[in-house]
Q: 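What follows is a single structure, and I will ask about it in a moment.
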Protein chains: 2
Amino acid sequence: MNDLEDLDGQGPLWQQIRRALIRPMRDGTWPPGTKIPKEIEIMERYGAARMTVHRALRSLAAEGSISRRRRAGTVVADRPPERPLLEIWDIGAEVERLGGAYSFEILARETLDGDDPRAAALGLEDGTPVLHLVVRHFSDGSALQIEDRLINLGAVPAAAEMGFDSEPPGTWLVGNVPWSNAEHVITAEEATRDIARLLSIRTGTACLVVERRTWSDGQPITWARFVHPGDKRRLVGRFRSGSE
Amino acid sequence: MNDLEDLDGQGPLWQQIRRALIRPMRDGTWPPGTKIPKEIEIMERYGAARMTVHRALRSLAAEGSISRRRRAGTVVADRPPERPLLEIWDIGAEVERLGGAYSFEILARETLDGDDPRAAALGLEDGTPVLHLVVRHFSDGSALQIEDRLINLGAVPAAAEMGFDSEPPGTWLVGNVPWSNAEHVITAEEATRDIARLLSIRTGTACLVVERRTWSDGQPITWARFVHPGDKRRLVGRFRSGSE
DNA sequence: CAGTGGTCTAGACCACCGC
DNA sequence: CGGTGGTCTAGACCACTGA
């Protein structure tokens with residue numbers, strides 16, 4: 001019943017409770033469909049008022065992580081990453097969710113000086129070193145995405161020690177580096193010769209390109225550019241009006 | 001000071017207050033930068049508790065419609081539609097925000113039977129008539145977007161009477177039909193010959209395609225497919241982590 | 001330093017819907 | 001019908017920051 005760890009003492013109480021509830025959902029202790037403790041139990045567990053607990057749960061319900069019904073209680077949502085277009089977006093998880101076999105390959109890895117023009121997309125001003133990676137992602141052996149990524153080693157020094165052989169850098173960052181803001185820019189571009197070769201498509205094929213920048217408390221964390229064949233990938237976003 | 005109309009009595013009090021605050025922002029009574037009444041004033045205006053008023057304001061702040069700072073008060077955000085990728089997305093407003101001159105042209109208009117295969121995208125089951133429109137949108141006279149739209153006349157009969165000569169159908173729908181859910185699907189496709197001709201681009205140019213479906217209480221309202229030259233349009237979305 | 005928003009409490013009533 | 005979540009209240013203290 002109580003897989004709930006203690007609170008971390010960081011920030012408002014409702015956000016602490018929110019994080020405490022997310023942890024067992026993320027690490028698999030509460031798989032989708034699990035019934036989670038009711039408001040009164042969480043209230044007693046942490047000694048908070050019901051409104052405070054309710055606010056944490058409402059926040060999780062608004063983003064689709066949990067599903068709540070009167071009388072029936074609260075359960076972990078079937079597809080916690082309900083908004084692939086929003087927030088963080090993990091291609092490996094998505095390939096597997098669609099029933100494919102996911103794999104990836106590091107095509108290039110180098111450490112750039114902060115003043116290297118190729119590191120400019122991160123928006124760093126000083127000479128902080130930057131890790132540059134090129135990754136190719138596969139679904140059932142066919143190339144699905146080329147990822148070009150920059151990681152600010154000043155903010156994430158641990159990335160320099162990572163081999164990224166069992167886990168791609170994007171997945172590792174999601175699990176290990178907190179972020180507070182993200183920006184996505186989505187465009188359509190024709191495949192260059194290099195991209196076409198890497199994705200096994202014809203030069204000039206329409207590609208969906210997503211650029212994502214992520215910050216933590218105003219400090220740039222990572223920049224990534226994802227290129228997919230236009231016919232193999234679609235972004236879907238669902239939205240509710242008004243009600244928060 | 002008090003441009004606030006009475007509440008509409010529909011649904012929870014905090015949502016009624018939310019709507020009452022949105023109205024003067026939408027109709028221009030409170031342009032961006034306007035300082036809006038403080039929590040205590042709204043509280044007295046409607047006889048609600050401060051927590052209830054706060055919840056309405058927090059919801060508006062979370063979606064970027066207002067900006068709040070301690071001591072300074074609450075102001076209407078500079079760019080109320082902060083999330084062009086989310087919610088409703090009005091190309092005319094965006095063209096003008098970027099300093100362009102917006103215009104549009106209705107290329108086709110017809111009423112389809114509900115069982116016409118072209119109306120299938122709306123997902124209607126009975127034989128409800130559907131209005132089909134093709135619209136071309138311009139920025140400074142150059143074609144920026146082709147819009148293919150279906151409107152469920154069973155849910156929005158007033159659309160049949162509209163000329164759409166001063167206002168394009170998308171803008172009219174946003175202002176006149178409430179919606180509760182929306183779905184966006186984003187892909188990249190090569191321009192067909194017809195699309196290329198309408199957008200004055202080369203056949204095969206990479207295009208960004210957005211399909212949007214909108215529902216109101218489970219009833220389909222409209223389906224639209226927007227095609228833009230990939231180099232003339234980018235979708236931007238900004239997100240904050242966790243904190244609602 | 002004082003005004004504003006951010007949070008939290010302890011309690012209450014109600015609506016819904018599964019048991 | 002009763003348990004659960006949804007809402008609302010009246011009050012309180014605190015954090016931040018602009019005047």
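Only this structure's heavy atoms are used, side chains among them; waters, hydrogens and symmetry mates stay out. No experiment lies behind these values; they were computed from the predicted model shown.
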Q: Expressed as a whole number of angstroms, how long is the span from B:Lys38:NZ to C:dG6:P?
A: 14 Å
Q: Whole-Å distance between D:dT17 P and B:Arg71 CZ?
A: 13 Å
Q: Between C:dG5 atom P and B:Leu21 atom CG, what is the distance in whole Å?
A: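 Value for this atom pair: 12 Å.
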Q: Picking from B:Arg55, B:Arg58, B:Arg50, B:Arg70, what satisfies salt bridge (charged side-chain N to carboxylate O under 4.0 Å, His left out) with B:Glu39?
A: B:Arg50
Q: As a test of reading the structure: which of C:dG18, D:dG6, C:dA2 is closest to the side chain of A:Arg69, going by heavy atoms?
A: C:dG18
Q: Nearest whole angstrom, please: distance from the P of C:dT4 to the CZ of B:Arg68.
A: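 It works out to 12 Å between those atoms.
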Q: Can you establish whether the number of heavy atoms outside B:Arg23 located under 6.0 Å from its atom CZ is more than 12?
A: yes
Q: Nucleotide by nucleotide, 5' to 3', does protein get under 4.0 Å of the base (B), only the sugar-phosphate (S), or neither (-) in nucleotides 7-13 of chain D, counting heavy atoms?
A: BBBBBB-
Q: Give me the ring orientation class for A:Trp172 and A:Phe164: parallel if the planes are under 30° apart, tilted from 30 to 60°, perpendicular past 60°.
A: perpendicular
Q: Within the distance-only criterion (no hydrogens, no angle test), does the side chain of B:Thr222 pair as donor or acceptor with the backbone N or O of B:Leu150 below 3.5 angstrom?
A: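 Indeed, once roles are kept as given, a pair shorter than 3.5 Å links the two residues.
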Q: State, yes or no, whether a side-chain contact exists between A:Leu4 and A:Tyr46 at a heavy-atom distance under 4.5 Å.
A: yes
Q: Excluding sequence neighbours, so at least two apart, what forms side chain to side chain contact (heavy atoms under 4.5 Å, CB included) with B:Ala119?
A: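 Scan of B:Ala119 (side chain to side chain contact (heavy atoms under 4.5 Å, CB included), adjacent residues dropped) gives B:Leu112, B:Val130.
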Q: Between B:Thr74 and C:dT4, is there a contact of a side-chain N or O with OP1 or OP2 at under 4.0 Å?
A: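 No.
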